[in-house]
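Residue indices begin at 1 and follow the sequence shown.
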Amino acid sequence: MRTGTESERHMLREATGDDVNLMLSWRNQEINRQVSKNSHVITAEEHSRWWRNVRADPTRRVLIHLHDGLPCGVVTFSDLRLHGPRTGSWGFYLDADGLAERGATLPAWLAVMRAAVDHAFDVLELDRLDGEVLAHNTVVRQMNRRFRFVEGPGRREIHDGREITVIPIFLNRADRRAR
């Protein structure tokens, strides 16, 4: 499934069972765990359970991001409401280690965000896209603003024995490309 005007080198496709081990390895990279609510190393059993649940839930989608034709990230959509006001939540993570080795981190990051936003509004036809970011993840917060996401007030939560501040973000369809 292609989104937006990205070339074939930069696209999203449905995740399959063949991607499960890649997704787990990327999710367990230290840099990704530091900026996620759940910072523990995810076991194969835990990941398999998640995958079974996602595949059975019509309100969720898992997509693989290809950059320069290579799988390098995961985009998730959840809580999809596709009747009435069309809303959903999203998140993503990248193969930070692999992209760093190729010197492709920033281009892939920009491409996955663009592809995810395009998919949300052009394919899923959402009216509003929601998400969350941890307060200490200032680089992602800056990038979210670049894509016109608005931050709500942060809330304190406890996950994996650590206290974090979670900041809700949202983007309305009408504000997506406003100047």
So, does Asn28 use its side chain to make a donor-acceptor pair with the main chain of Val41 at under 3.5 Å? no
For side chain to side chain contact (heavy atoms under 4.5 Å, CB included), just list the numbers for Arg146 and Leu110, CA-CA rounded to whole Å, side-chain angles, deciding distance to a tenth of an Å, and then say yes or no. CA-CA 10 Å; Arg146 177 180 178 166; Leu110 288 166; 3.8 Å; yes
I'd like to know whether Arg173 forms a salt bridge (Lys or Arg N to Asp or Glu O under 4.0 Å) with Glu125, so could you lay out the CA-CA distance, the side-chain angles of the two residues, the decisive distance to 0.1 Å, and finally the verdict. CA-CA 9 Å; Arg173 172 183 286 284; Glu125 299 178 335; over 6 Å; no
Where do Glu132 and Ile169 come nearest, in terms of heavy atoms and distance? N-CG1, 3.9 Å
Specify the closest pair of heavy atoms between Cys72 and Trp26, including all atoms of both residues, with the distance to one decimal. N-CH2, 3.6 Å
Straight-line distance of Ile167 CD1 to His136 NE2, nearest 0.5 Å: 10.5 Å
Closest heavy-atom pair, Leu129 versus Ala120, reported as atoms and distance to 0.1 Å, is CD2-CB, 3.7 Å
Would a 4.5 Å heavy-atom cut-off, applied to side chains only, mark Leu70 and Arg102 as touching? yes
Side chain to side chain, Trp109 and Met143, heavy atoms closer than 4.5 Å: yes
Contact check, side chains of Phe92 and Leu63, non-hydrogen atoms, under 4.5 Å: no
If you round to the nearest 0.5 Å, how far is CE of Met113 from NE2 of His65? 11.5 Å
Show your reasoning for whether side-chain hydrogen bond (donor to acceptor under 3.5 Å, both in side chains) applies to Asn38 and Ser36. CA-CA 5 Å; Asn38 297 312; Ser36 298; over 6 Å; no
Output all residues satisfying side chain to side chain donor-acceptor pair (under 3.5 Å) with Arg86, sequence neighbours left out; order by chain, then residue number. none
Shared hydrophobic cluster for Leu99 and Val140 (ILVMFWY, side-chain gaps under 4.5 Å): yes
Could you see if Leu106 belongs to whatever hydrophobic cluster contains Val133? Use Ile, Leu, Val, Met, Phe, Trp, Tyr and a side-chain cutoff under 4.5 Å. yes
Give every donor-acceptor pair under 3.5 Å between a side-chain atom in residues 15-22 and any protein atom, sequence neighbours left out.
| from | atom 1 | to | atom 2 | distance (Å) |
| --- | --- | --- | --- | --- |
| Thr16 | OG1 | Asp18 | N | 3.2 |
| Thr16 | OG1 | Asp19 | OD2 | 3.4 |
| Asp19 | OD1 | Arg13 | NH2 | 2.9 |
| Asp19 | OD2 | Arg13 | NH1 | 2.8 |
| Asp19 | OD2 | Thr16 | N | 2.8 |

How close do Ala56 and Pro58 get, counting heavy atoms only, and between which atoms? O-CD, 3.5 Å
By side chain to side chain donor-acceptor pair (under 3.5 Å), which residues pair with Asn32, not counting sequence neighbours? none
I'd like to know whether Leu24 forms a side chain to side chain contact (heavy atoms under 4.5 Å, CB included) with Trp51, so could you lay out the CA-CA distance, the side-chain angles of the two residues, the decisive distance to 0.1 Å, and finally the verdict. CA-CA 10 Å; Leu24 176 60; Trp51 180 245; over 6 Å; no
Interatomic spacing from OG in Ser89 to CZ in Arg81 - rounded to 0.5 Å: 8.0 Å
Report the C-alpha distance between Val62 and Trp50 in whole Å, list the side-chain angles of each, state the deciding distance to 0.1 Å, and finish with yes or no for side chain to side chain contact (heavy atoms under 4.5 Å, CB included). CA-CA 11 Å; Val62 179; Trp50 167 82; 4.0 Å; yes
Crowded around Ile31 CD1? As in, over 12 foreign heavy atoms under 6.0 Å? no
Spatial distance of atom CG (Asn137) from atom OG1 (Thr165) [nearest 0.5 Å]: 12.5 Å
Between CG of Leu126 and CG of Asn172, what distance do you get to the nearest 0.5 Å? 11.0 Å
Looking at Glu30, His159, Arg162, which one forms a side-chain hydrogen bond (donor to acceptor under 3.5 Å, both in side chains) with Ser39? Arg162
Do Ile164 and Val139 share a hydrophobic cluster (ILVMFWY, side-chain heavy atoms under 4.5 Å, transitive)? no
Would you say the side-chain atoms of Glu157 pair up with the backbone N or O of Val166, donor to acceptor, closer than 3.5 Å? no
4.5 Å side-chain heavy-atom contact, Leu171 and Val150: no
Quick one: list whatever passes side chain to side chain donor-acceptor pair (under 3.5 Å) with His40, sequence neighbours left out. Glu46, Asp160
Could you walk me through whether Arg128 and Asp175 pass salt bridge (Lys or Arg N to Asp or Glu O under 4.0 Å), step by step? CA-CA 10 Å; Arg128 178 180 161 127; Asp175 299 326; over 6 Å; no
Among the clusters formed by ILVMFWY side chains lying less than 4.5 Å apart, do Ile42 and Val75 turn up in the same one? no
If I take atom CZ from residue Arg27 and atom CG from residue Leu94, how far apart are they, to the nearest 0.5 angstrom? 13.0 Å
Crowded around Glu163 CD? As in, over 12 foreign heavy atoms under 6.0 Å? yes
Would you please test His67 and Asp95 for side chain to side chain contact (heavy atoms under 4.5 Å, CB included) and show each step? CA-CA 11 Å; His67 183 75; Asp95 173 13; over 6 Å; no
Closest heavy-atom pair and its distance - Gly88, Leu80: CA-CD2, 4.0 Å
Test of understanding: with ring-ring contact (aromatic ring centres under 6.0 Å, His included), list the residues that count as partners of Phe77, not counting sequence neighbours. His119
Connected via hydrophobic side-chain network under 4.5 Å: Val117 and Val112: yes
Kindly write out the residues that satisfy side chain to side chain donor-acceptor pair (under 3.5 Å) with Ser48, not counting sequence neighbours, or none if the list is empty. none
Do any N or O atoms from the side chain of Arg60 and from the backbone of Thr76 form a donor-acceptor pair under 3.5 angstrom? no
